[in-house]
Amino acid sequence: MRRAGRTRTRATTRTRTRTGALAATTALVAALLGAGGSAAGAGGNATAGSATAQSAVAAAALAGNAVAADDCDTGVSLPPKEQAGAKIQEIRKRGRLVVGVDQSAYNWGYRDSQTGKIEGFDIDLARAVAKSVLGDPDKVVLKTIATADRINVLKDHQVDLIARAMTVTCERKKQIAFSAPYFKVSQRVVAPKAAHAGSVAQALGGKRVCAALNSSSHTELKANAHGAASIVTPDNQLDCLVLMELGEADATLSDSSLAAAMVAQDQTMELAGESFLPTYMGVGMNQDDTDLIAWVNQVLVEWRGGGWQASYDTWLRPSMGVPDPYRPW
């Protein structure tokens with residue numbers, strides 16, 4: 001094994017207040033899925049020949065799946081724009097983009113045991129931002145942080161942004177800002193194949209369940225334990241895989257992106273049962289850095305033109321296959 005390193009409309013008034021936001025989301029996501037880019041991960045098998053129609057379909061699927069609570073929409077961010085405000089000027093003066101990343105999420109952000117370099121899908125995105133802001137993809141400092149610390153390091157300005165398989169949730173949006181979505185995810189259970197768990201209830205009921213501390217999966221288990229006998233919360237998701245391998249945990253609840261990575265990393269594991277709670281992954285940033293947020297969204301628009309697909313093919317296609325616009329992974 002190669003080891004490495006988360007109603008229907010309740011009132012007419014609320015519907016009206018959110019219509020503009022949802023329309024903006026659809027337009028922005030359509031831009032993110034622009035000509036020549038695949039809708040994969042946010043859903044789709046796009047080809048350059050039908051990019052416009054496929055972008056519209058994928059955007060509608062994304063907007064329709066947005067998690068909404070009161071005035072919170074997890075698919076909404078600032079419009080894309082390249083404007084060198086205070087934060088961009090600070091980064092350029094420093095000469096380096098500081099990005100919070102993982103070093104143990106296989107294929108997303110992990111340290112290659114042969115080269116010692118941190119690589120993966122999220123790392124490619126971090127380098128794309130560095131290239132756009134500073135003209136050089138190598139002008140980036142990759143700062144490894146634990147899952148449990150992501151919010152605090154952003155609020156304390158220890159990093160400029162976080163590209164670390166981070167799901168957008170309404171609770172997190174009260175504390176930090178997110179880019180537009182760049183990957184569609186859901187909650188999935190990972191369990192040993194020997195458990196023969198055919199559903200989430202079978203995989204978690206009466207079991208010792210692992211979830212990374214302060215992850216969206218941890219939040220879900222606090223709200224609904226799904227019958228778990230106990231819950232283990234290490235600092236990082238990879239620790240859950242190790243605990244299952246050691247027989248100290250029976251199952252892991254994780255975002256589908258990381259769940260697929262765990263299965264790819266250990267062939268004795270499998271995705272057990274159905275997916276649930278669809279949402280998105282986004283780049284995390286400090287709420288004050290509005291120019292950086294808009295700039296990253298513009299990078300995502302451009303990345304969809306080819307870089308996103310190339311990175312997906314390199315890192316994720318072997319374990320995640322060809323994405324489907326209506327499957328929440």
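If you're wondering where the values come from, they're calculated on a predicted model, not measured in any experiment.
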Is the backbone of Ala211 close enough, under 3.5 Å, to the side chain of Ser215 for a donor and an acceptor to pair up by distance? no
Is the backbone of Gly282 close enough, under 3.5 Å, to the side chain of Ser179 for a donor and an acceptor to pair up by distance? no
So which heavy atom on Ala225 is nearest to which on Ile231, and how close? CB-CD1, 4.4 Å
Asp160 side chain to Val98 backbone, donor-acceptor under 3.5 Å: yes
Measuring only between side-chain heavy atoms, which start at C-beta, is Thr252 closer than 4.5 Å to Val209? no
Going by distance alone, is a donor N or O of one side chain under 3.5 Å from an acceptor N or O of the other, for Asp124 and Trp315? yes
Apply side-chain contact (heavy atoms from CB on, under 4.5 Å) to the pair Val101 and Ile145, showing each step before the final yes or no. CA-CA 6 Å; Val101 299; Ile145 56 174; over 6 Å; no
Go through the steps to decide whether Leu134 and Ile91 satisfy the test side-chain contact (heavy atoms from CB on, under 4.5 Å), and finish with yes or no. CA-CA 8 Å; Leu134 296 166; Ile91 293 169; 4.1 Å; yes
Does any donor atom in the side chain of Ser132 or Trp295 lie under 3.5 Å from an acceptor atom in the other side chain? yes
So, do Ser256 and Ser186 sit near enough that their side-chain heavy atoms are less than 4.5 Å apart? yes
Can you find a pair of side-chain heavy atoms, one from Glu274 and one from Arg188, that are under 4.5 Å apart? no
Does either side chain, that of Asp122 or that of Tyr182, offer a donor lying less than 3.5 Å from an acceptor on the other one? yes
Salt-bridged, Arg208 to Asp250, with N to O below 4.0 Å? yes
Between Arg111 and Thr144, a side-chain donor and acceptor under 3.5 Å: no
Kindly indicate whether the side chain of Val185, heavy atoms from C-beta on, has any atom under 4.5 Å from the side chain of Pro278. no
Taking every heavy atom of Val189 against every heavy atom of Ala203, the minimum-distance pair comes out as CG1-CB, 3.6 Å
Measure the CG-CE distance between Leu271 and Met262 for me, rounded to the nearest 0.5 Å. 10.0 Å
Side-chain contact, heavy-atom cut-off 4.5 Å: Leu125 with Leu300? yes
Using a strict cut-off of less than 4.0 Å between a Lys/Arg side-chain nitrogen and an Asp/Glu carboxylate oxygen, indicate whether Lys93 and Glu90 qualify as a salt bridge. no
Determine whether a donor-acceptor pair (N or O, by modelled atom type, separation under 3.5 Å) exists between the side chain of Trp108 and the backbone of Leu258. no
Under a 4.5 Å cut-off applied to non-hydrogen side-chain atoms, are Met166 and Arg150 in contact? yes
Check whether any side-chain N or O of Asn297 sits under 3.5 Å from a backbone N or O of Ala180 as a donor-acceptor pair, and report yes or no. yes
Stepwise side-chain contact (heavy atoms from CB on, under 4.5 Å) check, Tyr312 with Met320: CA-CA 9 Å; Tyr312 182 89; Met320 303 189 76; 3.5 Å; yes
Is there side-chain contact between His226 and Val200, with at least one heavy-atom pair below 4.5 Å? yes
Is the gap between the ring centers of Phe183 and Phe121 under 6.0 Å? yes
Show your working on side-chain contact (heavy atoms from CB on, under 4.5 Å) between Thr268 and Lys193 and close with a plain yes or no. CA-CA 6 Å; Thr268 69; Lys193 291 179 179 179; 5.7 Å; no
Checking the side chain of Asp73 only, and the main-chain atoms of Val76 only, is there a donor and an acceptor separated by less than 3.5 Å? no
Under 4.5 Å between any side-chain heavy atoms of Ile176 and Asn286, yes or no? no
Report yes or no: do Val153 and Val141 belong to one cluster of Ile/Leu/Val/Met/Phe/Trp/Tyr joined by side chain heavy-atom distances under 4.5 Å? yes
Examine the side chains of Asn236 and Ser104 and answer whether a donor and an acceptor come within less than 3.5 Å of each other. no
Can you tell which of Asp138, Asp136, Val99 makes a side chain to side chain contact (heavy atoms under 4.5 Å, CB included) with Arg127? Asp138
Tell me the closest heavy-atom pair linking Asp313 and Pro318, and the distance in Å. O-CD, 3.9 Å
Rounded to the nearest 0.5 Å, what's the gap from OG1 on Thr169 to CG on Leu277? Could you check? 11.5 Å
Roughly how far, to the nearest 0.5 Å, is the SG atom of Cys72 from the CZ atom of Arg172? 12.0 Å
Distance col, row Leu316:CG vs Ser311:OG, nearest 0.5 angstrom, shows 6.5 Å
Identify the heavy atoms of Leu154 and Leu161 that sit nearest to each other, and give their distance. CD2-CA, 4.0 Å
Residues Phe276 and Glu220: closest non-hydrogen pair is CE1-OE2, 3.9 Å
Approximate separation, where rounding is to 0.5 Å, of Leu238 CG and Gln103 CD: 9.5 Å
Gln202 side chain to His196 side chain, donor-acceptor N/O pair below 3.5 angstrom: no
Out of curiosity, Lys155 NZ to Asp288 CG, how far, rounded to the nearest 0.5 Å? 11.0 Å
Let me know which of Gln237, Arg164, His218 forms a side chain to side chain donor-acceptor pair (under 3.5 Å) with Thr147. Arg164
Is there a donor-acceptor pair closer than 3.5 Å between any side-chain N or O of Asp291 and the backbone N or O of Ile88? yes
Heavy atoms only: give me the nearest Ala197-Ala272 pair and the separation to one decimal. O-CB, 3.8 Å
For residues Phe178 and Ile151: do they belong to one hydrophobic cluster (side chain heavy atoms under 4.5 Å, members Ile, Leu, Val, Met, Phe, Trp, Tyr)? yes
Ignoring hydrogens and angles, state whether a donor on the side chain of Gln187 or Ser217 is under 3.5 Å from an acceptor on the partner side chain. yes
